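The structure under discussion appears below in the form of structure tokens.
Not measured: the values here are computed from a predicted model.
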Amino acid sequence: FRGGHMKQLLLLRHAKSSWDEPGISDHDRPLNNRGRRNAPAMGGVIMSEGIVPDLIVSSTATRTRETVELVSAEFDADVQIVFDEAIYHAAPGTLMARIRTTPDQVGTLMLVGHNPGMEELVHQLTGKFESFPTGALAAMSIDTDQWSDFGLVDLVMNQLGLWKPRELEDD
């Protein structure tokens with residue numbers, strides 16, 4: 001993937017969050033135990049698939065920050081991480097606009113965010129409606145060398161994969 005004119009986009013929904021503290025704001029909700037187990041497993045998938053991002057752009061919510069920390073701890077490379085308030089509960093158009101501002105030297109970009117925006121963006125990009133539960137990862141390659149082209153022209157897009165935490169859990 002590194003050669004030629006391919007970019008890779010990874011879309012990761014935050015891992016399962018806790019609802020144990022009723023007074024806490026949505027933005028400040030942490031991960032629950034299952035989320036803390038699933039996030040490193042998804043980091044392992046990213047490593048084994050060879051799709052470690054060059055840049056992670058994440059929502060500022062506590063649960064996305066914790067997800068990023070646990071997922072990226074599995075990587076064998078240092079990854080630049082940016083926390084962006086605009087990703088918090090962003091609509092697909094906002095996510096697309098953020099993708100288009102990515103520097104072109106970034107080959108693989110990961111966005112870490114929330115539903116319904118992430119699920120709707122996967123649907124817009126692939127034409128397929130897939131459920132996108134907490135902790136799910138969608139990965140796709142895009143035939144372009146400029147992120148600014150993203151979503152503005154018909155790009156050749158190959159669905160690379162979709163992974164869901166339940167599929168990774170041992171029974």
Report yes if some heavy atom in the side chain of [X] is under 4.5 Å from a heavy atom in the side chain of [Y]; otherwise report no.
X	Y	result
Leu125	Pro92	no
Phe150	Thr102	no
Met140	Leu11	yes
Leu121	Ile99	yes
Leu137	Leu10	yes
Arg13	Glu119	no
Pro30	Glu21	yes
Asp20	Asn32	no

| request: Going by the side chain to side chain contact (heavy atoms under 4.5 Å, CB included) test, name the single residue among Gln124, Glu120, Met118, Arg100 that passes it with Leu95. | output: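 Of the listed options, the one satisfying the test is Met118.
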
| Which residue, Val68, Asn115, Thr62, Thr67, forms the side chain to side chain contact (heavy atoms under 4.5 Å, CB included) with His14? |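 That would be Thr67; it is the only one of Val68, Asn115, Thr62, Thr67 passing the side chain to side chain contact (heavy atoms under 4.5 Å, CB included) with His14.
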
Taking all non-hydrogen atoms of both residues into account, name the closest pair between [X] and [Y] and its distance.
X	Y	result
Thr134	Ala15	CB-C, 3.9 Å
Val122	Ala138	CG2-CB, 3.9 Å
Val71	Ile46	CG1-CD1, 3.8 Å
Ala136	Pro165	N-CD, 3.8 Å
Ser148	Asp104	N-OD1, 4.3 Å
Trp163	Ala139	CZ3-CB, 3.8 Å

Which distance, rounded to the nearest 0.5 Å, do you find between the [atom1] of [X] and the [atom2] of [Y]?
X	Y	atom1	atom2	value
Ser58	Glu69	OG	CD	11.0 Å
Leu12	Ile56	CG	CD1	8.5 Å
Asn38	Lys164	CG	NZ	13.5 Å
Leu9	Ile51	CG	CD1	10.5 Å

| message | Pair Thr101, Trp147 - check side chain to side chain contact (heavy atoms under 4.5 Å, CB included), show working. | response | CA-CA 7 Å; Thr101 65; Trp147 288 106; over 6 Å; no

| query | Taking ILVMFWY side chains as joined if any heavy atoms are under 4.5 angstrom apart, and letting links pass through other members, which residues group with Leu70? | reply |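 Its cluster mates, by chain and number, are Leu31.
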
| query | According to the ring-ring contact (aromatic ring centres under 6.0 Å, His included) rule, which pairs have a member within residues 76-98, sequence neighbours left out? | reply |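 Pairs touching residues 76-98 that pass the test: His27-Tyr88, Tyr88-His114, His89-His114.
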
| Does the side chain to side chain contact (heavy atoms under 4.5 Å, CB included) test come out yes or no for Ser17 and Glu66, once each step is laid out? | CA-CA 10 Å; Ser17 59; Glu66 290 180 3; over 6 Å; no

| field | Pairs where residues 80-96 contributes a residue and the test salt bridge (charged side-chain N to carboxylate O under 4.0 Å, His left out) is met, not counting sequence neighbours | value |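 Qualifying pairs, neighbours excluded: Asp84-Arg98.
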
| query | Any donor-acceptor pair under 3.5 Å linking the side chain of Lys7 with the backbone of Val106? | reply |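 Yes, because the side chain of Lys7 sits within donor-acceptor range (under 3.5 Å) of the backbone of Val106.
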
| request: Using the test salt bridge (Lys or Arg N to Asp or Glu O under 4.0 Å), find all partners of Asp26 that sit at least two apart in sequence or belong to another chain. | output: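 Here the qualifying residues are Arg29, Arg63.
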
| task | Please identify each residue that fulfils salt bridge (Lys or Arg N to Asp or Glu O under 4.0 Å) with Arg65, with sequence neighbours left out. | result |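 In terms of salt bridge (Lys or Arg N to Asp or Glu O under 4.0 Å), with neighbours along the sequence ignored, Arg65 is linked to no residue.
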
| Under the side chain to side chain donor-acceptor pair (under 3.5 Å) rule, what pairs show up with a residue in residues 71-82, not counting sequence neighbours? |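 Matches after skipping sequence neighbours: none remain.
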
